[in-house]
Amino acid sequence: MAITNGLVKAQGKQPLFSFGVISDVQYADIPDGRSFLGVPRYYRHSIQVLQRAVKGWNDHQRLKFAVNFGDIVDGFCPKQESLNAVEKIVTNFETSNCPVYHMIGNHCLYNLPRKKLLPLLKMPTLNGQAYYEFSPTPEYRFVVLDGYDISAIGWPIDHPKTMEALKVLQEKNPNSDKNSPEGLVGLERRFLMFNGAVGREQLEWLDQILKDSTELRQKVVVCCHMPLDPGAATYEALCWNYDEVMEVLHRYNCVKVCIAGHDHKGGHSIDSHGIHHRVLEAALECPPGSNAFGFVDAYDDKLSLSGVDRMASTEMIFRL
């Protein structure tokens with residue numbers, strides 16, 4: 001009987017498959033610092049958390065894949081070192097014995113534009129888009145969303161998607177510093193430059209994927225750097241159009257779990273349709289010697305996250 005963060009795994013029913021998770025490594029070869037809220041950040045140590053995660057995944061020996069939920073290098077990384085830092089982190093991920101699926105976060109885009117970043121992450125996408133799906137077994141489908149599809153960062157400054165994002169910020173955030181939520185109330189506090197939105201074309205693609213999954217009787221896990229439910233995260237961390245994304249997800253009973261990063265403290269909620277929303281604790285905020293990564297067992301009726309150290313374990317039982 002194995003115990004990881006209080007979750008007891010009895011010998012018995014075997015999972016359909018298992019996968020690894022980590023989020024917000026935000027490595028940089030700079031001294032430790034603090035977030036805007038004063039939370040300590042351990043920039044050099046975070047790569048050690050990643051290395052221990054990969055070793056843990058490899059030691060597990062039965063992981064089908066792992067998922068990195070974005071923000072691999074911190075925005076404070078000196079720009080002349082960005083490419084080397086990204087390559088260093090990617091190289092560490094590539095020591096995993098199982099495939100690793102990536103998604104982009106705001107800190108990734110502070111360091112490199114999409115056209116340089118996506119090939120390094122080996123994303124199976126076209127035309128600068130960073131959304132895709134994969135099916136590890138016939139029973140499950142994973143959908144990776146591009147939450148920075150509409151964003152003021154990552155695209156060329158004159159790109160239509162940049163223009164659309166700047167228009168949103170201009171309308172929704174009156175502050176000269178568009179990363180400041182000052183004066184914004186409640187859910188309006190999400191309209192910050194470090195967030196973004198899922199575009200129309202991606203929403204239509206998502207709808208079709210969920211339609212197909214319903215016909216195939218698959219259970220769907222949605223992955224996005226930014227959280228999609230206000231109950232699981234601070235309002236400042238939400239995707240701009242989380243409500244539109246959730247309206248699509250709620251059309252179908254196949255969506256069981258949404259997993260995200262971005263909001264470093266982590267969180268968990270179950271929404272009105274029974275979908276679990278799990279926001280993962282950040283590797284960046286692990287003091288030296290501590291960890292934040294996990295192993296997820298997938299069953300017919302639940303996902304069971306066994307978290308290591310600062311990552312909380314979570315049993316996500318599906319609503320029928």
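The distance from atom NZ of K161 to atom CH2 of W155, rounded to the nearest 0.5 Å, is 4.5 Å. Distance CG/N195 to OH/Y242: 12.5 Å, rounded to 0.5 Å. The NE2 atom of H159 sits 13.0 Å away from the CG atom of L166 when rounded to the nearest 0.5 Å. The SG atom of C239 sits 8.5 Å away from atom OH of Y148, with the distance rounded to the nearest 0.5 Å. The CG atom of L109 sits 8.5 Å away from the CG atom of D71 when rounded to the nearest 0.5 Å. Rounding to the nearest 0.5 Å gives a distance of 5.0 Å between SG of C258 and CE of M246.
Looking at heavy atoms from C-beta onward, K64 lies in side-chain contact with T137 at the 4.5 angstrom threshold. Looking at heavy atoms from C-beta onward, V198 lies out of side-chain contact with E244 at the 4.5 angstrom threshold. Residues S290 and R310 have side chains in contact (heavy-atom distance under 4.5 Å, counting atoms from C-beta outward). A heavy-atom distance below 4.5 Å is found between the side chains of F69 and C223. With a 4.5 Å cut-off on side-chain heavy atoms, E87 and L120 count as touching. P78 has its side chain within reach of I30: a pair of non-hydrogen atoms, C-beta onward, lies under 4.5 Å apart. Considering only heavy atoms from C-beta on, I104 comes within 4.5 Å of L121 through its side chain. Using a 4.5 Å heavy-atom cutoff, the side chains of L303 and F318 are in contact.
A salt bridge links D146 to R114: at least one charged side-chain nitrogen sits closer than 4.0 Å to a carboxylate oxygen. A salt bridge is defined here as a Lys NZ or Arg NE, NH1 or NH2 lying under 4.0 Å from an Asp or Glu carboxylate O, and R251 with E247 meets this definition. With respect to the salt-bridge test (charged N to carboxylate O, under 4.0 angstrom), the residues D32 and R41 do not qualify. Contact check on E204 versus R200 returns no salt bridge, with no Lys/Arg side-chain nitrogen under 4.0 Å from an Asp/Glu carboxylate oxygen.
Of all non-hydrogen atoms in H225 and M103, the two that sit nearest each other are N-SD, 3.5 Å. For the pair S213 and C254, the tightest heavy-atom approach, listed with the atom from each and the gap, is CB-SG, 4.2 Å.
In this structure, F76 and Y43 have perpendicular ring planes: the angle between them is above 60°, well past the 30° mark. Ring pair F142/F65 is perpendicular by interplanar angle, where above 60° counts as perpendicular and below 30° as parallel. Note on ring orientation: taking the six-membered ring where Trp is involved, the planes of F17 and Y140 are perpendicular (angle over 60°, cut-offs 30° and 60°).
Between the D263 side chain and the G266 main chain, no donor and acceptor come within less than 3.5 Å of each other. A donor-acceptor pair under 3.5 Å is absent between the side-chain atoms of D74 and the main chain of H107, judged by distance alone. A distance-only check finds a donor-acceptor pair linking the side chain of T214 to the backbone of L210 [under 3.5 Å]. The main-chain N or O of V220 is never found under 3.5 Å from a side-chain atom of R141 such that the two would form a donor-acceptor pair. Using modelled atom types, one side-chain atom of S46 and one backbone atom of V25 make a donor-acceptor pair closer than 3.5 Å. No donor-acceptor pair under 3.5 Å is formed between the side chain of N291 and the backbone N or O of A53.
For N173 and N175, the side-chain atoms include at least one donor-acceptor pair closer than 3.5 Å. Counting only N and O atoms by type, the side chains of Y27 and K88 include a donor and acceptor under 3.5 Å apart.
Within the structure, the salt bridge (Lys or Arg N to Asp or Glu O under 4.0 Å) test picks out the following pairs touching residues 228-241 (sequence neighbours left out): R189-E236.
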Test log, rule salt bridge (Lys or Arg N to Asp or Glu O under 4.0 Å), inputs K211 and E215: CA-CA 6 Å; K211 201 172 291 179; E215 290 172 6; over 6 Å; no
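Scored by the salt bridge (Lys or Arg N to Asp or Glu O under 4.0 Å) test, E94 finds K122 as partners (sequence neighbours excluded).
Counting heavy-atom neighbours within 6.0 Å of D207 CG, excluding the residue itself, gives a total above 12. In this structure, K167 places its NZ atom where only 12 or fewer heavy-atom neighbours from other residues, nucleotides or ligands lie under 6.0 Å away.
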